[in-house]
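Just so you know, these numbers use all the heavy atoms, side chains as well, and skip hydrogens, waters and symmetry mates.
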Amino acid sequence: MRKSDSVLIIYTGGTIGMYKTNEGSLRPFDLDTLSMQIPELNTFDIDINTKTITQPIDSSNMCKEVWIQLVEIIEKEYNNYNGFVILHGSDTMAYTASALSFMLENLNKPIILTGAQLPIGVLRTDAKENIITSIEIASKGNIPEVCVYFEYRLMRGNRCTKANAEHFEAFKSPNFIYLAEAGLEIKYSPIKYDRTNKNLKVHTNLSDDVLILKLFPSMKKEFITKVLDMPYQGIILETFGAGNASTAKWFLRAIQTAIDNGKLILNVSQCLSGSVSQGLYETSSKLGELGVISGKDMTTEAALTKMMYLLGTDYSLKETKQQLLISLRGELSN
């Protein structure tokens, strides 16, 4: 008899899902191995199944082809489970979470990405708690969005970023509240969701015609002009503070030329928290006058994947600019 709550775990790669065989080699887990490593799962009244992508990878090798695999698995299994847990390496987890949020339209179920700083077989691993709580939250089906769960905190996927490479508290959500915090009990945020009656719509046409340009002091004219002249349609411009950049004539000319050539330039801040406010200072007002789009309080990961998603649609240039300015999946504050 099928249990009332059900979760599909999807393994993409990384040490969280690897176990050591008797021969000493590392292999991806299956459900039996997972239950052996985390016997607490056997006490759950949850139907848990597992699936592995075609070729598990280190998350440093993450790419749009794997994102497409993931949303196709979710689309195929969507009606069979209350929620989904994706085991993922932490380095590019925020990129994947952001990308999936745009690729999955009309989402009515939780998609929770989690991982670990230490492998599941290590004595002090954080993998067990991350997996157990992710499964518990996903099984309830009450948070209909793509999330990241790490170190007792559930975050909106397209609002978080990896902020620490060696502590268990690896992720932060600098511009948005936590969706839930796990302690003696799981406390959920007061966010009210408007459930949609529309069917899940999956978008798999992502453009990789996008790059990130991080500004820095004493930039060389030759470098910046060459980058802006490269054949990319979308440019994420990581600026200083509240969206500020150089007012050197050559720099502004290079920006203007890129925009005149049909490129979309989206301004996001290099700061971990805060928002782009073009016009607050003279050094940012010039960008707005040239047609640079304010990314407001989006993370770089959300800005990049949103641009990839929008450039993969049939929107006109004007429509794409409009879509960049509004919140599609909760990725920015209006």
Side-chain angles (χ1 to χ4, degrees), residues 3 5-22 24-53 56-59 62 70 81-94 96-97 110-143 146-155 157 160 162-173 178-188:
K3 298 172 183 177
D5 294 337
S6 56
V7 171
L8 178 65
I9 299 175
I10 307 172
Y11 177 58
T12 66
T15 53
I16 185 173
M18 304 296 284
Y19 75 99
K20 189 169 288 188
T21 66
N22 294 332
S25 60
L26 289 173
R27 292 183 183 174
F29 71 84
D30 55 23
L31 183 57
D32 291 337
T33 306
L34 183 64
S35 298
M36 181 178 67
Q37 294 286 342
I38 312 178
E40 294 88 345
L41 294 180
N42 297 318
T43 66
F44 273 179
D45 188 26
I46 300 172
D47 189 9
I48 301 171
N49 285 295
T50 60
K51 188 174 284 286
T52 301
I53 62 170
I57 58 171
D58 185 284
S59 75
M62 188 54 61
L70 288 172
Y81 295 92
N82 293 60
F84 300 83
V85 172
I86 299 174
L87 301 187
H88 195 291
S90 62
D91 286 346
T92 58
M93 188 182 296
T96 297
I111 313 292
I112 302 177
L113 284 82
T114 194
Q117 295 289 69
L118 288 174
I120 196 168
V122 174
L123 186 62
R124 294 180 54 251
T125 183
D126 53 331
K128 290 186 178 183
E129 197 285 323
N130 287 344
I131 292 175
I132 288 170
T133 307
S134 294
I135 291 171
E136 184 174 354
I137 295 173
S139 71
K140 304 305 178 187
N142 58 353
I143 298 184
V146 179
C147 314
V148 165
Y149 181 82
F150 229 90
E151 189 63 6
Y152 305 110
R153 288 166 176 163
L154 185 73
M155 293 156 274
C160 71
K162 187 173 182 182
N164 199 302
E166 57 183 26
H167 293 169
F168 287 148
E169 192 179 337
F171 288 84
K172 290 189 179 297
S173 179
Y178 296 121
L179 302 180
E181 293 191 65
L184 295 179
E185 59 184 33
I186 299 174
K187 294 183 179 180
Y188 292 91

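Across all non-hydrogen atoms, the minimal contact from Ser6 to Tyr81 is OG-CA, 3.3 Å. When every heavy atom of Cys160 is checked against every heavy atom of Gly157, the shortest pair comes out as SG-O, 3.5 Å. Between Ile186 and Ala180, the shortest heavy-atom distance links the atoms CG2-CB, 4.1 Å. The heavy-atom pair separating Val146 from Ala97 by the smallest distance is CG1-O, 3.4 Å. Closest approach of Glu151 to Asn130, counting heavy atoms only: N-OD1, 3.2 Å. The heavy-atom pair separating Ala138 from Pro110 by the smallest distance is O-CG, 3.5 Å.
Note: Tyr188 OH to Ile143 CD1 = 5.5 Å, rounded to the nearest 0.5 Å. The CG atom of Leu113 sits 9.0 Å away from atom OG of Ser134, with the distance rounded to the nearest 0.5 Å. In this structure, CD in Glu181 is found 10.0 Å from CG in Leu154, a value given to the nearest 0.5 Å. Rounded to the nearest 0.5 angstrom, Lys140 NZ and Asp5 CG are separated by 5.0 Å. Note that CZ of Arg153 and NZ of Lys172 are 6.5 Å apart. Values are rounded to the nearest 0.5 Å. Between the OH atom in Tyr149 and the CD1 atom in Ile137 there is a gap of 6.0 Å [rounded to 0.5 Å].
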message = side chain to side chain contact (heavy atoms under 4.5 Å, CB included), that's the test. Do Ser90 and Lys162 meet it? Break it down for me.
response = CA-CA 7 Å; Ser90 62; Lys162 187 173 182 182; 2.9 Å; yes
request  = Could you please spell out the steps behind the side chain to side chain contact (heavy atoms under 4.5 Å, CB included) verdict for Tyr152 and Glu129?
outcome  = CA-CA 8 Å; Tyr152 305 110; Glu129 197 285 323; 3.6 Å; yes
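Applying the side chain to side chain donor-acceptor pair (under 3.5 Å) test to Thr96 and every residue at least two apart in sequence or in another chain returns Trp67, His88. Residues meeting the ring-ring contact (aromatic ring centres under 6.0 Å, His included) test with Tyr178, sequence neighbours left out: none.
For the pair Asp58 (side chain) and Gly13 (backbone), a donor-acceptor distance under 3.5 Å is absent. Using a distance-only test at 3.5 Å, with no hydrogens or angles considered, no donor-acceptor pair links the side chain of Asn49 to the main chain of Leu8. No donor-acceptor pair under 3.5 Å is formed between the side chain of Thr114 and the backbone N or O of Phe150.
With Tyr11 as reference, Thr52 is the one residue of Thr50, Val85, Ile86, Thr52 to meet the side-chain contact (heavy atoms from CB on, under 4.5 Å) rule.
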